[in-house]
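As structure tokens, the structure follows; a few thoughts come after it.
Quick note on labels: first sequence line is chain A, next is B, and so on, each numbered from 1.
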2 protein chains.
Amino acid sequence: MPLTDSPAQPHDHSLCIDDALAQARLICERRNVRLTPIREQVLGLIWQNHKPVGAYDLLEQLATTHQAAKPPTIYRALDFLQENGLIHKIESQNAFLGCAHVGGQHHGQFLICTACGTAQEIDEKVVSSALKNASQARGFQIHSFVIEIKGLCAACQDI
Amino acid sequence: MPLTDSPAQPHDHSLCIDDALAQARLICERRNVRLTPIREQVLGLIWQNHKPVGAYDLLEQLATTHQAAKPPTIYRALDFLQENGLIHKIESQNAFLGCAHVGGQHHGQFLICTACGTAQEIDEKVVSSALKNASQARGFQIHSFVIEIKGLCAACQDI
DNA sequence: TGAATATTGTTATATCATATCATTGCCCCA
DNA sequence: TGGGGCAATGATATGATATAACAATATTCA
């Protein structure tokens, strides 16, 4: 686990990256799927910071070291990483973010700062159970959900 | 208000449309903004059913009666309707849906059936207050949020 | 009426994502 | 151990969603 679970707080971010990649290797080994160089590199790029990043931004970066990279290259890597729970898509931004709760059974809940762009992943059981109750009361059976909260993170309120 | 608040239940949908348009006229008059023919027609098209509909689908329909309609025509109408709280964007589908709680102060919460495509808007105070609490505990100040729940509506579970 | 503003028309292009088929690489076991 | 089968990547093209920028027209209101 990262030493802090809040991107809003200062921290040694290289530890986040190292940790994310180490966990990814572990998960993929356990699941018997291949974290190929391209996939690992894309995951590393996504973890460069705590801001959701677009597919074509990633492509541009990947292309600097990987001439052959084209849109399908990125989207395939992103699909793989999503399928294996290593990243989330932020639907309201068409962008991707490293998963901060790898391995756990969860859907995403995100606090997205409109000032600095960082997104913090949370996993509030009280939120998901409220959704479950509300759905159940209407006979609706949940498969998954998207929760994206926009506002100002603690750091950006002080400015 | 529509006679039913649940699109999952059978109902006379023409009443939903009539009602939505009547409310829209009222809201726009109150807010002193212009519900022009294009805007009203787009709103009517969106309300044709309870499924989120894409901008280019709308464009295609609008173009049958309005030769000059181009992408900006639709996106401008959609922007207007969103600004005035008459429709919501479903971020995970890049699609638009009539607002079922016009006038009220609310963000969207949607139950989206992956089988039949209908989306039901709900407004659960317990969900929004859970989000508020979780955010506040982290020093995060909410401006808006997106909640999109995917699963099976009551009708589609029985199939 | 005429100036200011809002709306719509028009063209072009940016941005996000996938389909399809060819090629290469990896794995396993006969 | 080599070759069959499958997974991954390369390569080209195109589909789908959204906006920029400027011109023309319509509406409002002093």
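No side-chain N or O of A:S92 forms a donor-acceptor pair with one of B:K89 less than 3.5 Å apart.
Residue B:H66 places no side-chain N or O under 4.0 Å from the OP1 or OP2 atom of C:dT8. Residue A:T36 places at least one side-chain N or O closer than 4.0 Å to OP1 or OP2 of D:dT9.
Hydrophobic side-chain contacts under 4.5 Å tie A:L97 into a cluster, directly or through other members, with A:I90, A:F110, A:I112.
Between A:Q67 atom CD and D:dT9 atom C1' the separation is 15 Å, expressed in whole Å. The CD1 atom of A:I74 sits 16 Å away from the P atom of D:dA8 (whole-angstrom rounding). The CG-P distance, from B:L81 to C:dT7, rounds to 12 Å in whole Å. Atom CG in A:L62 sits about 17 Å away from atom P in D:dA8, given to the nearest Å. Residue A:K70 contributes atom NZ, which lies 17 Å from atom C1' of C:dA19 at whole-angstrom precision. Put simply, CG on B:L35 is 11 Å from P on C:dT7, counting in whole angstrom units. Straight-line distance from the CG atom of A:L78 to the C1' atom of D:dT9: 15 Å, rounded to whole Å. The separation between A:R39 atom CZ and D:dT9 atom C1' is 10 Å, rounded to whole Å.
The CG atom of B:L152 lies 11.5 Å from the OG atom of A:S135; values are rounded to the nearest 0.5 Å.
The nucleotide whose nearest atom lies closest to any side-chain atom of B:I38 is, among C:dG9, C:dT10, D:dT12, C:dG9.
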Report task. Show the numbers, then the answer: is there a salt bridge (charged side-chain N to carboxylate O under 4.0 Å, His left out) between B:R34 and B:E40? Result -> CA-CA 10 Å; B:R34 293 167 53 204; B:E40 184 167 341; over 6 Å; no
Report task. Could you give me the CA-CA distance, side-chain angles and deciding distance for A:Q41 and A:T36, then say whether side chain to side chain donor-acceptor pair (under 3.5 Å) is met? Result -> CA-CA 8 Å; A:Q41 196 179 345; A:T36 62; over 6 Å; no
Report task. Can you check each nucleotide of nucleotides 16-30 of chain D against protein heavy atoms at under 4.0 Å and return B for base, S for sugar-phosphate only, - for none, in 5' to 3' order? Result -> -BBBBB-----S---
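In the displayed structure, A:Q157 atom CD is contacted under 6.0 Å by more than 12 heavy atoms of other residues, nucleotides or ligands.
A perpendicular orientation is assigned to the rings of B:Y75 and B:F96, their planes being inclined by more than 60° (bins at 30° and 60°).
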